[in-house]
Amino acid sequence: MSLPIRAFIRSFSSGSIQRSAIKNVTIIGGGLMGAGIAQVAASTGHNVVLVDQTKDILKKSHSSIEKSLQRVVKKQYAEDPKAGEAFMAKVLSQLCTETDPAAAVKSSDLVIEAIVENLEVKKKLFASLDKAAPKHTIFASNTSSIPIKEIAVATKRMDKFGGLHYFNPVPVMKLLEVIRIPETSDDTFNKLLAFGKAMGKVTVNCKDTPGFIVNRLLVPYMMEAVRMVERGEATPQDVDTAMKLGAGYPMGPFELTDYVGLDTCKFIIDGWHAKYPNNPLFDPSPLLNKYVAEGKLGNKVGEGFYKAKK
Ligand SMILES: CCCCCCCCCCCCC[C@H](O)CC(=O)SCCNC(=O)CCNC(=O)[C@H](O)C(C)(C)COP(=O)(O)OP(=O)(O)OC[C@H]1O[C@@H](n2cnc3c(N)ncnc32)[C@H](O)[C@@H]1OP(=O)(O)O
Ligand SMILES: NC(=O)c1ccc[n+]([C@@H]2O[C@H](COP(=O)([O-])OP(=O)(O)OC[C@H]3O[C@@H](n4cnc5c(N)ncnc54)[C@H](O)[C@@H]3O)[C@@H](O)[C@H]2O)c1
């Protein structure tokens, strides 16, 4: 028996991975997060359909999944490369792509949305999915900053709606925030928790409060970092070095912004500023806005606060 399978069975019996009623999963959005979620869902035995707007985007998603899987397999199957190849082939056989969201949800138990961080775009998508998906299908959003309820109102299945907030990179980060709104039924919430555990994640429960747990703390920290640079108190490089070596963070705030995507960061902060205009924590950052206007969106385009490593 190969090492990862043994580890999987061990975690099953120790209760850290649970069986879940959810087998068929549709992920909408094949960018940084959607591709990572699709990879991990397929790696943990789910049938996955990944949806994006064009075949070209989906080609890129597929190739990033293959690259990431290779990293996982190289490490987990170091002593048995043949079993690694078989694992990779199995995972990829459980993953297909689709450009029509309505067709993709036809036999889905769970839909996870990971598209652009924009309320109106997310609502429009869920309103159309609500008409196309079977009655039993659960809907979840991976939004970083939008209240789940504001998205869920676009559907007539608020009892089957919740938040699944993953962390980037999904194959590496162990945490999953599972969010319920007052309308989420116990059955839906329990299924979401069990699904998260079946994906091998450590779940934390959270009410539908702005930023849930992690981003409620992370966003003010990152905004203060960019304001220090705007005030001329330190360079991005020195802030990053300080937070890595002085606070033990794996990445400094500017490296993390490049990793997350400056466009996504701007969507988050602009959304919170519009909602809480009197809270100076969420005032826009001229420096972030300048980089986004210049198209420097971070690692995904090769440059953000730093030039991405090839
Ligand atoms: C300052 C401007 C302010 C702007 C405004 C801010 C607004 C607010 C923004 C908030 C954003 C919120 C976004 C979201 O909602 C929430 C998030 O996701 S927050 C992000 C959380 N993630 C992190 O904090 C990541 C921190 N970084 C790390 O943990 C590590 O650096 C890393 C990414 C894991 C990489 O590690 P390194 O050691 O540097 O590099 P390696 O390449 O050696 O990798 C280590 C290890 O991991 C494996 N690995 C890495 N990436 C992948 C992958 N994609 N797939 C598979 N495996 C991967 C790699 O193989 C290594 O394995 P090993 O060999 O060590 O066994
Ligand atoms: N980047 C992060 O670190 C991170 C972490 C956690 C949560 N999130 C959240 O996840 C979501 C996605 O973020 P991302 O970083 O993956 O963004 P991304 O820009 O990398 O990818 C978004 C993808 O969605 C696709 N898309 C947009 N509208 C669509 C539609 N109507 N139908 C189908 N596909 C559509 C785009 O083509 C793109 O490929 C956002 O809500 C974001 O806040 C991001």
Side-chain angles (χ1 to χ4, degrees), residues 20 22 25-44 46 48-53 57 61 64-65 68 95 101 104-105 108-126 129 133 137-152 154-155 160-181 184 188-189 191-193 195-216 218-219 259-261 263-265 267-268 271-272 300:
S20 131
I22 288 161
V25 186
T26 303
I27 321 282
I28 319 262
L32 273 177
M33 295 306 289
I37 298 166
Q39 176 189 330
V40 180
S43 300
T44 48
H46 301 88
V48 177
V49 186
L50 179 62
V51 180
D52 210 305
Q53 303 179 99
I57 300 177
S61 316
S64 89
I65 291 173
S68 172
L95 174 73
V105 299
S108 189
D109 301 317
L110 170 66
V111 176
I112 305 173
E113 166 275 312
I115 67 169
V116 62
E117 187 73 347
N118 177 297
L119 176 61
E120 290 315 314
V121 182
K122 287 187 194 284
K123 278 174 74 175
K124 191 170 166 218
L125 172 73
F126 273 116
L129 295 177
T137 309
I138 294 176
F139 287 175
S141 174
N142 178 51
T143 176
S144 298
S145 62
I146 301 172
I148 299 297
K149 184 158 178 169
E150 290 184 18
I151 307 171
T155 72
K160 293 196 178 62
F161 210 111
L164 287 176
H165 185 222
Y166 291 85
F167 293 83
N168 181 19
V170 184
V172 177
M173 303 300 283
K174 293 191 171 61
L175 186 69
L176 175 64
E177 292 178 330
V178 185
I179 300 107
R180 70 185 302 168
I181 55 176
T184 310
T188 298
F189 191 62
K191 282 179 176 155
L192 289 174
L193 285 172
F195 172 71
K197 292 190 172 90
M199 280 183 82
K201 299 297 177 197
V202 174
T203 58
V204 289
N205 304 359
C206 186
K207 282 193 184 165
D208 193 19
T209 54
F212 316 125
I213 298 172
V214 172
N215 287 347
R216 184 66 172 266
L218 187 63
V219 172
Y259 198 69
V260 166
D263 48 348
T264 299
C265 289
F267 282 129
I268 295 172
W272 283 11
K300 60 184 164 189

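Keep in mind that this is a model prediction, so the values were computed, not measured.
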For the atom pair [atom1] ([X]) and [atom2] ([Y]), what is the distance rounded to the nearest 0.5 Å?
| X | Y | atom1 | atom2 | answer |
| --- | --- | --- | --- | --- |
| Leu176 | His165 | CG | NE2 | 9.5 Å |
| Met33 | Phe167 | CE | CZ | 8.0 Å |
| Asp208 | Ile148 | CG | CD1 | 5.5 Å |
| Ile138 | Phe189 | CD1 | CZ | 11.5 Å |
| Glu150 | Lys122 | CD | NZ | 12.5 Å |
| Ile27 | Asp52 | CD1 | CG | 12.0 Å |

Which pair of non-hydrogen atoms, one from [X] and one from [Y], has the smallest distance, and what is that distance?
| X | Y | result |
| --- | --- | --- |
| Asn215 | Ser144 | ND2-O, 3.0 Å |
| Val121 | Val116 | CG1-CG1, 4.0 Å |
| Val51 | Ala104 | CG2-CB, 3.4 Å |
| Arg216 | Pro210 | CD-O, 3.2 Å |
| Ser68 | Pro171 | OG-CG, 3.5 Å |
| Leu50 | Gly29 | CD1-O, 3.7 Å |

- Is Lys191 salt-bridged to Asp109, cutoff N-O under 4.0 Å?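 Looking at Asp109 together with Lys191, the answer is no, because their closest N to O distance does not fall below 4.0 Å.
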
- Does the side chain of Leu129 come within less than 4.5 Å of Ile28's, by heavy atoms?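 In short, these two side chains touch, coming nearer than 4.5 Å.
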
- Message: I'd like to check Ile151 versus Phe139 (side-chain heavy atoms, cut-off strictly below 4.5 Å). Are they in contact?
- Response: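 The answer is no, as the side chains (C-beta and beyond) never meet within the 4.5 Å cut-off.
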
- Message: Does Leu110 form a side-chain contact (heavy atoms from CB on, under 4.5 Å) with Leu192? I'd like the steps, not just the answer.
- Response: CA-CA 9 Å; Leu110 170 66; Leu192 289 174; 3.9 Å; yes

- Message: Any donor-acceptor pair under 3.5 Å linking the side-chain atoms of Lys197 with those of Thr203?
- Response: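 Side-chain D/A pair, Thr203 to Lys197: present.
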
- Task: Could you tell me whether the side chains of Thr264 and Glu117 share a donor-acceptor contact shorter than 3.5 Å?
- Result: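 Note: Thr264 and Glu117 side chains miss the donor-acceptor criterion.
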
- Message: Run Ile37 and Met199 through side-chain contact (heavy atoms from CB on, under 4.5 Å) and show every step you take.
- Response: CA-CA 9 Å; Ile37 298 166; Met199 280 183 82; 4.2 Å; yes

- Hey, can you tell me if Phe195 and His46 have their rings parallel, tilted or perpendicular (30° and 60° cut-offs)?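 Rings of Phe195 and His46: perpendicular, as their planes differ by over 60°.
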
- What do the steps show when you test Leu119 against Phe267 for side-chain contact (heavy atoms from CB on, under 4.5 Å), and what is the final call? CA-CA 10 Å; Leu119 176 61; Phe267 282 129; over 6 Å; no

- Task: In sequence, state the C-alpha distance, the side-chain angles, and the governing distance for Val204 and Ile213, and then conclude on side-chain contact (heavy atoms from CB on, under 4.5 Å).
- Result: CA-CA 9 Å; Val204 289; Ile213 298 172; 4.1 Å; yes

